[in-house]
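One structure below.
Since this is a predicted model, take the numbers as computed values, not measurements.
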Amino acid sequence: QVELVESGGGLVQAGGSLRLSCAAPGRILSGYPMGWFRQAPEQAREFLARISRSGSSTVYADSVKGRFTIARDNARNTVYLQMNSLKPEDTAVYYCAAARLLASFGSIGNDPLNYASWGQGTQVFVSS
């Protein structure tokens, strides 16, 4: 439904930080609840965080609570994932995703199947 493009991945030392961005050229994201997921080699896609249309509500996976922050700036048409205190086990490809335009924030949950649009992913590697 909407083309998403992630950026900001790269190599970082354990304990460091990265800020990922998700943009949608030519489309407006404010109508969509948004989420961040990651997938490590040989692992299932893992939910990390989601955010409501206005940004007033957020939900985090236990594995990233207190370390990661999801945010959005609808004026800039961008969704962010601030990652602090990174660990080697955070190494993965990170994806942003958009739910259906009319989906309720509560109904989409954490299931990747409830997200209709995905970016290509950005690689994050955390060295020890």
Side-chain angles (χ1 to χ4, degrees):
Q1 185 175 0
V2 56
E3 179 182 356
L4 303 175
V5 181
E6 302 97 336
S7 62
L11 280 68
V12 64
Q13 293 181 344
S17 299
L18 285 174
R19 190 191 196 193
L20 307 183
S21 298
C22 178
R27 299 296 297 271
I28 304 299
L29 289 179
S30 61
Y32 303 88
M34 300 290 294
W36 283 96
F37 297 77
R38 68 185 179 191
Q39 190 164 19
E42 307 299 328
Q43 301 294 318
R45 189 159 296 189
E46 177 188 10
F47 166 80
L48 299 175
R50 57 184 165 102
I51 189 167
S52 62
R53 293 170 175 84
S54 67
S56 61
S57 298
T58 57
V59 175
Y60 295 92
D62 288 341
S63 61
V64 303
K65 281 183 179 178
R67 299 191 299 123
F68 291 11
T69 302
I70 188 171
R72 69 192 304 163
D73 186 342
N74 287 335
R76 296 176 61 89
N77 204 38
T78 304
V79 181
Y80 304 97
L81 185 68
Q82 178 67 48
M83 305 186 296
N84 299 326
S85 302
L86 284 164
K87 307 173 182 179
E89 52 263 43
D90 293 320
T91 296
V93 177
Y94 284 70
Y95 300 89
C96 67
R100 299 185 309 277
L101 183 64
L102 300 179
S104 67
F105 182 66
S107 68
I108 58 174
N110 305 332
D111 191 337
L113 294 176
N114 293 327
Y115 293 79
S117 302
W118 295 83
Q120 82 289 347
T122 184
Q123 176 72 56
V124 172
F125 183 86
V126 184
S127 64
S128 59

> Partners of Ala40 by side chain to side chain contact (heavy atoms under 4.5 Å, CB included), sequence neighbours excluded?
Replying inline: Gln43, Ala92
> Roughly how far, to the nearest 0.5 Å, is the CG atom of Leu81 from the CD1 atom of Ile51?
Replying inline: 10.0 Å
> Do Glu6 side-chain atoms and Gly121 backbone N/O form a donor-acceptor pair below 3.5 Å?
Replying inline: yes
>> Taking side-chain hydrogen bond (donor to acceptor under 3.5 Å, both in side chains) as the definition, give me every residue that meets it alongside Ser104, ordered by chain and number, with sequence neighbours left out.
In response: Ser107
> Which is it for Trp36 and Val64 under the side-chain contact (heavy atoms from CB on, under 4.5 Å) test, yes or no, and what are the steps along the way?
Replying inline: CA-CA 11 Å; Trp36 283 96; Val64 303; over 6 Å; no
> Are Ile70 and Leu18 connected in a single hydrophobic cluster, I mean Ile/Leu/Val/Met/Phe/Trp/Tyr linked by side-chain heavy atoms less than 4.5 Å apart?
Replying inline: yes
> Under the 3.5 angstrom rule, does the side chain of Thr91 hit a backbone N or O of Val126 as a donor-acceptor pair?
Replying inline: yes
> What residues, two or more places apart in sequence or in another chain, satisfy side-chain hydrogen bond (donor to acceptor under 3.5 Å, both in side chains) together with Gln39?
Replying inline: Arg45
> Of all residues at least two apart in sequence or in a different chain, which pass the side-chain hydrogen bond (donor to acceptor under 3.5 Å, both in side chains) check with Ser54?
Replying inline: Ser56
> Restricting to pairs with a member in residues 88-109, which pass ring-ring contact (aromatic ring centres under 6.0 Å, His included), not counting sequence neighbours?
Replying inline: none
> Just wondering, do Ser117 and Tyr32 contact through their side chains at under 4.5 Å, heavy atoms?
Replying inline: no
> Which heavy-atom pair separates Asn77 from Ser30 by the least distance, and what is that distance?
Replying inline: OD1-N, 4.5 Å
> Do any pairs count as a salt bridge (charged side-chain N to carboxylate O under 4.0 Å, His left out) and have a residue in residues 46-55, sequence neighbours left out, and if so which ones?
Replying inline: Arg38-Glu46
>> Just so I know, are the side chains of Pro88 and Ser128 near enough to count as touching, which here means a heavy-atom distance under 4.5 Å?
In response: yes
> Which residues pass the salt bridge (Lys or Arg N to Asp or Glu O under 4.0 Å) test with Asp62, sequence neighbours left out?
Replying inline: Lys65
>> Set out, in order, the CA-CA distance, both residues' side-chain angles and the distance that settles side-chain contact (heavy atoms from CB on, under 4.5 Å) for Met83 and Val12, then state yes or no.
In response: CA-CA 11 Å; Met83 305 186 296; Val12 64; over 6 Å; no
>> Can you list everything that forms a side-chain hydrogen bond (donor to acceptor under 3.5 Å, both in side chains) with Gln13? Sequence neighbours excluded, please.
In response: none
> Does anything in residues 42-65 pair up under ring-ring contact (aromatic ring centres under 6.0 Å, His included), and if so which pairs, sequence neighbours excluded?
Replying inline: Phe37-Phe47
> Are Ile108 and Tyr115 close enough, and set up right, to give a side-chain contact (heavy atoms from CB on, under 4.5 Å), and what steps lead you there?
Replying inline: CA-CA 7 Å; Ile108 58 174; Tyr115 293 79; 3.6 Å; yes
> Do Leu20 and Val124 have side chains that get closer than 4.5 Å, going by heavy atoms?
Replying inline: yes
> If you look only at pairs with a residue in residues 37-83, which of them pass as a disulfide bond (SG atoms under 2.5 Å apart), with sequence neighbours excluded?
Replying inline: none
> Which pairs pass salt bridge (charged side-chain N to carboxylate O under 4.0 Å, His left out) with one or both residues in residues 71-89, sequence neighbours excluded?
Replying inline: none
> Side chains of Leu29 and Met34: closer than 4.5 Å at any heavy-atom pair?
Replying inline: yes
> What side chain to side chain donor-acceptor pair (under 3.5 Å) pairs are there with at least one residue in residues 14-23, not counting sequence neighbours?
Replying inline: Ser17-Asn84
> With hydrophobic residues grouped by side-chain heavy-atom distances under 4.5 Å, do Val59 and Val79 end up in a single group?
Replying inline: no
